[in-house]
Amino acid sequence: MSECMTFTSQMEQALEEARAAEKRGEVPVGAVVVSPDGKVVSAAGNRVREWCDPSAHAEIVAIREACRILGSERLAGHDLYVTLEPCPMCASAISQARIARVYYGAADPKSGGVAQGPRVFSHPQSHHVPEVYDGIGAVESERLLKAFFARMR
């Protein structure tokens, strides 16, 4: 008899991180790294402005923290939930970290690097290609981003 697996999304926690980032004046993007057994290893929101660091995207911050906690530069078997399609920089870091699956909310036609733009995972230079699932929590992710940028204008 086969055992059925239940899909449990961690997108709500990623959205909480995005909301916290927005309160700090950051672009509201959040990310969560989940272990193969379904436990949250790390969670982060954008910290680009706070840290004066153009690489401090939510995905990078969450990946760095997960690697630090686990004592490894690889996150094989781990999942990443992120509220916005990863940019090319983040997609490359995801590949380098060997993340198994990426679940993202809103598409990013301007700066995306997965389904838009350079499509990093489809390049032969991509060391690892994760499974990618889009549109999870997309409505709320898009709402947060549109409201943030409307206030900035």
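Side-chain atoms of Asn46 come within 3.5 Å of backbone N or O of Val27 as a donor-acceptor pair. Of the possible donor and acceptor atoms, none in the side chain of Arg151 sits under 3.5 Å from a partner among the backbone N and O of Lys146. Proximity of a side-chain donor or acceptor of Arg49 to a complementary backbone N or O of Gly25 within less than 3.5 Å is detected. Distance alone, capped at 3.5 Å, is enough to place a donor-acceptor pair between the Arg119 side chain and the Ala115 backbone.
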I would like to know whether Gln13 and Val40 meet side-chain contact (heavy atoms from CB on, under 4.5 Å); could you show each step before the answer? CA-CA 9 Å; Gln13 187 169 355; Val40 171; 3.4 Å; yes

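Both Leu70 and Ile63 are part of a single hydrophobic cluster, where members link through side-chain heavy atoms under 4.5 Å apart. Both Tyr133 and Met11 belong to a common hydrophobic cluster when Ile, Leu, Val, Met, Phe, Trp and Tyr are linked at side-chain heavy-atom distances under 4.5 angstrom. Residues Ile94 and Val82 fall within the same hydrophobic cluster, defined by Ile, Leu, Val, Met, Phe, Trp and Tyr side chains chained together at heavy-atom separations under 4.5 Å. Residues Leu84 and Val32 do not share a hydrophobic cluster, defined by chaining ILVMFWY side chains whose heavy atoms lie under 4.5 Å apart. Phe149 and Leu15 end up in different hydrophobic clusters when Ile, Leu, Val, Met, Phe, Trp and Tyr side chains are linked at under 4.5 Å.
When all heavy atoms of Gly30 and Ala18 are compared, the pair lying nearest together is N-CB, 3.6 Å. Here the closest non-hydrogen pair linking Pro36 and Ala76 is CG-O, 4.2 Å. Heavy-atom minimum distance, Leu80 versus Ala31: CD1-CB, 4.1 Å. The two residues Pro118 and Pro88 make their nearest non-hydrogen contact at CG-CG, 3.5 Å. Residues Gly113 and Ala91 share a closest heavy-atom pair of O-CB, 4.2 Å. Here the closest non-hydrogen pair linking Gln116 and Ala107 is NE2-CB, 4.1 Å.
Interatomic distance, Glu85 CD to Ser111 OG, rounded to the nearest 0.5 Å: 9.5 Å. Of the inter-residue distances, the one linking Glu26 atom CD with Arg47 atom CZ reads 7.5 Å to the nearest 0.5 angstrom. How far SG of Cys87 is from NZ of Lys110: 12.5 Å, rounded to the nearest 0.5 Å. Rounding to the nearest 0.5 angstrom, the gap separating the CG atom in Leu75 from the SG atom in Cys67 is 4.0 Å. Here the CD1 atom belonging to Ile136 is positioned 6.5 Å from the OH atom belonging to Tyr81, to the nearest 0.5 angstrom. In this structure, the separation between CZ on Arg74 and CD on Gln96 is 6.5 Å, given to the nearest 0.5 Å.
No side-chain heavy atom of Val48 sits under 4.5 Å from any side-chain heavy atom of Asp53. Contact check for Arg64 versus Ser55: side-chain heavy atoms found under the 4.5 Å cut-off. Between Met89 and Ile60 there is a side-chain heavy-atom pair separated by less than 4.5 Å. A heavy-atom distance below 4.5 Å is found between the side chains of His78 and Val41. A 4.5 Å side-chain heavy-atom check between Tyr103 and Ser9 finds every atom pair outside the cut-off. Proximity of Leu145 to Pro28: side-chain heavy atoms (C-beta onward) are separated by under 4.5 Å at one or more points. Proximity of Asp79 to Ile99: side-chain heavy atoms (C-beta onward) are nowhere separated by under 4.5 Å. In this structure, the side chains of Val114 and Val102 stay at 4.5 Å or more apart for every pair of heavy atoms.
For the residue pair Thr83 and Arg19, no side-chain donor N or O sits within less than 3.5 Å of a side-chain acceptor on the partner.
A salt bridge between Arg24 and Glu50 is present, with a side-chain N of the basic residue lying under 4.0 Å from a carboxylate O of the acidic one.
Among Ser92, Ser126, Pro86, the single residue meeting the side-chain contact (heavy atoms from CB on, under 4.5 Å) criterion with Phe121 is Ser126.
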